[in-house]
Amino acid sequence: MSILQQMMECGHERVCFHHDEDTGLRAIVAIHSTVLGNALGGTRRWHYSSETEALYDVLRLSEGMTYKAAAAGLSMGGAKSVVLLPGRGSPGNEAEARSLGRFVDTFSGNYIAAEDVGTTPQYVDWMAMETPHVMGGDRVSRGGDPSPFTAQGVVNAMKASLSHLGRPVDFAGLTVAIQGVGSVGQNVGRILVEQGAQIIVADISDQSTAMMAEKYDATVVSTEDILSIECDILSPCALGGVISASNVADLHCEILCGGANNILQDPDEDAATIHRRSILYAPDFIANAGGLIELAGLHLGMSRQELDERNSGIEETTLHVLDMTKEAISSHEAAVKFAMDRIALVKQEKVHAH
Ligand code: NAD
């Protein structure tokens with residue numbers, strides 16, 4: 001399928017490729033929608049096996065950002081960028097980040113870059129030396145690491161899931177399995193243990209799991225076993241596409257609620273199968289909106305109180321979407337409808353205003 005056809009299929013407004021000869025930077029910015037406002041989305045640095053894979057990733061992630069911002073009630077569109085690394089784990093440096101910053105600047109604020117997998121507040125600050133259109137740094141730009149806020153939002157979505165099932169909204173005595181204990185996953189674990197839960201963790205980094213075992217008395221299992229482990233809540237907080245037709249049958253949880261983007265490989269199909277298996281799936285882009293709410297909210301000038309209220313509001317939004325779920329409508333479909341209805345409403349208001 002041609003790039004334009006792919007854009008038309010997912011409804012993208014703009015996709016730009018960039019190559020910088022001096023630093024070797026290769027990047028793609030995808031702006032999915034600016035109907036609700038300028039579009040904020042993280043920069044993912046990754047060693048993709050092909051350009052096609054990188055394009056697929058940025059198109060899918062940016063579309064998800066539109067739904068995430070819309071469902072969170074933000075006046076923000078959806079976008080994302082990816083940096084195509086020449087090798088696995090190539091460290092980011094100032095020259096590369098500043099080069100990307102110059103590329104981001106060409107969008108004049110239509111695209112606002114932030115952190116994602118492979119980037120740090122330091123990287124964002126390097127970008128901010130070239131453009132004001134970034135969020136999530138500590139010194140040159142604002143906002144800092146959004147992960148603790150993302151984690152808090154995920155826990156709020158877990159509360160809504162318990163409530164929807166008619167279970168006490170209390171983590172004491174519950175077992176939560178967390179796949180990936182990086183920035184988001186370790187904060188999810190911390191909050192849950194503080195609230196009385198027991199956690200089971202897995203990560204490809206032995207250092208990260210050892211830290212969770214020592215600090216939070218976490219049980220460590222292998223990365224092969226984590227998704228099929230018996231638990232109350234399974235929380236994927238590593239990369240996307242971890243639940244697919246090949247492993248849905250192996251899930252042994254009551255609730256699936258994580259911080260990762262695009263948890264389901266084929267959201268329509270997999271969410272329907274999960275629904276049929278009577279497992280409750282809290283839609284990822286609603287559950288993990290806490291970091292976006294924090295950075296976009298700061299960008300839009302919200303006060304600390306409003307930011308916290310909106311993060312707490314993830315519980316109500318999740319509950320609302322779960323209540324929209326019916327026999328024939330999975331929670332993913334309900335969440336997409338919820339987000340798209342808001343975008344359609346704003347579009348209509350704009351037409352009437354002209
Ligand atoms: P991170 O890189 O800090 O953490 C990811 C962790 O997953 C790492 O510890 C890594 O070793 C581990 N991991 C990778 N592959 C694994 C595997 N196969 N099995 C087990 N562990 C594995 O990233 P993060 O910022 O914590 O983000 C995690 C996910 O949450 C990503 O999908 C990201 O897009 C999403 N997300 C993050 C934020 C945020 O605020 N950081 C916001 C929204 C969504």
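All values reported here derive from a predicted model rather than from experimental measurement.
- Asp20 and Thr23 share a donor-acceptor pair across their side chains, judged by distance under 3.5 Å alone.
- Annotation: side chain of Ser330 is not in contact with side chain of Tyr281 (no heavy-atom distance under 4.5 Å).
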Item to check | Residues Ile200, Ile178; criterion side-chain contact (heavy atoms from CB on, under 4.5 Å); working and verdict | outcome: CA-CA 6 Å; Ile200 302 173; Ile178 307 173; over 6 Å; no
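- Between Phe103 and His18, the ring-plane angle classifies as parallel under the 30° and 60° cut-offs.
- Asp225 and Ser222 share a donor-acceptor pair across their side chains, judged by distance under 3.5 Å alone.
- Side-chain contact check for Thr325 and Ser331: no donor-acceptor pair (N or O, by modelled atom type) lies under 3.5 Å.
- There is no side-chain donor-acceptor pair under 3.5 Å between Glu94 and Tyr123.
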Checklist entry - Should Cys257 and Met158 be marked as a side-chain contact (heavy atoms from CB on, under 4.5 Å) after you check the CA-CA gap, both sets of side-chain angles, and the distance that decides it? => result CA-CA 6 Å; Cys257 176; Met158 288 177 180; 3.6 Å; yes
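- Met302 CE: more than 12 foreign heavy atoms inside a 6.0 Å radius.
- To the nearest 0.5 Å, the span separating CG on Leu256 from CG on Leu251 amounts to 6.5 Å.
- Here the straight-line distance linking atom CG of Leu55 with atom OG of Ser50 works out to 9.5 Å at 0.5 Å rounding.
- Using a 3.5 Å distance cut-off with no hydrogens or angles, the side chains of Asn261 and Asn288 do pair a donor with an acceptor.
- Taking CZ from Phe17 and CG from Leu84, the interatomic distance works out to 8.5 Å, rounded to the nearest 0.5 Å.
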Item to check | side-chain contact (heavy atoms from CB on, under 4.5 Å) assessment of Asn156 paired with Thr318 | outcome: CA-CA 9 Å; Asn156 293 338; Thr318 307; over 6 Å; no
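- The side-chain heavy atoms of Gln198 and Thr219, taken from C-beta on, include no pair separated by under 4.5 Å.
- With contacts defined as side-chain heavy-atom distances shorter than 4.5 Å, the pair Pro86/His47 does not qualify.
- Using a distance-only test at 3.5 Å, with no hydrogens or angles considered, a donor-acceptor pair links the side chain of His252 to the main chain of Asp250.
- Shown here is Glu53, whose CD atom has more than 12 heavy atoms of other residues, nucleotides or ligands within 6.0 Å.
- Looking at heavy atoms from C-beta onward, Arg190 lies out of side-chain contact with Met212 at the 4.5 angstrom threshold.
- A donor-acceptor pair shorter than 3.5 Å can be found between the side chains of Tyr48 and Asp57.
- Counted by atom type alone, Glu309 and Gln305 present one or more donor-acceptor pairs between their side chains at under 3.5 Å.
- For the residue pair Thr34 and Glu13, a side-chain donor N or O sits within less than 3.5 Å of a side-chain acceptor on the partner.
- For the residue pair Thr119 / Glu115, no side-chain donor-acceptor distance below 3.5 Å is found, with atom types taken as modelled.
- Going from atom CD1 of Ile243 over to atom CD1 of Ile274 covers 6.0 Å, rounded to the nearest 0.5 Å.
- If you take CG on Asn247 and OG on Ser228, they are separated by 8.5 Å, rounding to the nearest 0.5 Å.
- Atoms CG and CG, on Leu174 and Asp232 in that order, are 4.5 Å from each other to the nearest 0.5 Å.
- With a 4.5 Å cut-off on side-chain heavy atoms, Asp145 and Thr120 do not count as touching.
- Between the side chains of Asp105 and Thr131, at least one donor-acceptor pair of N or O atoms lies under 3.5 Å.
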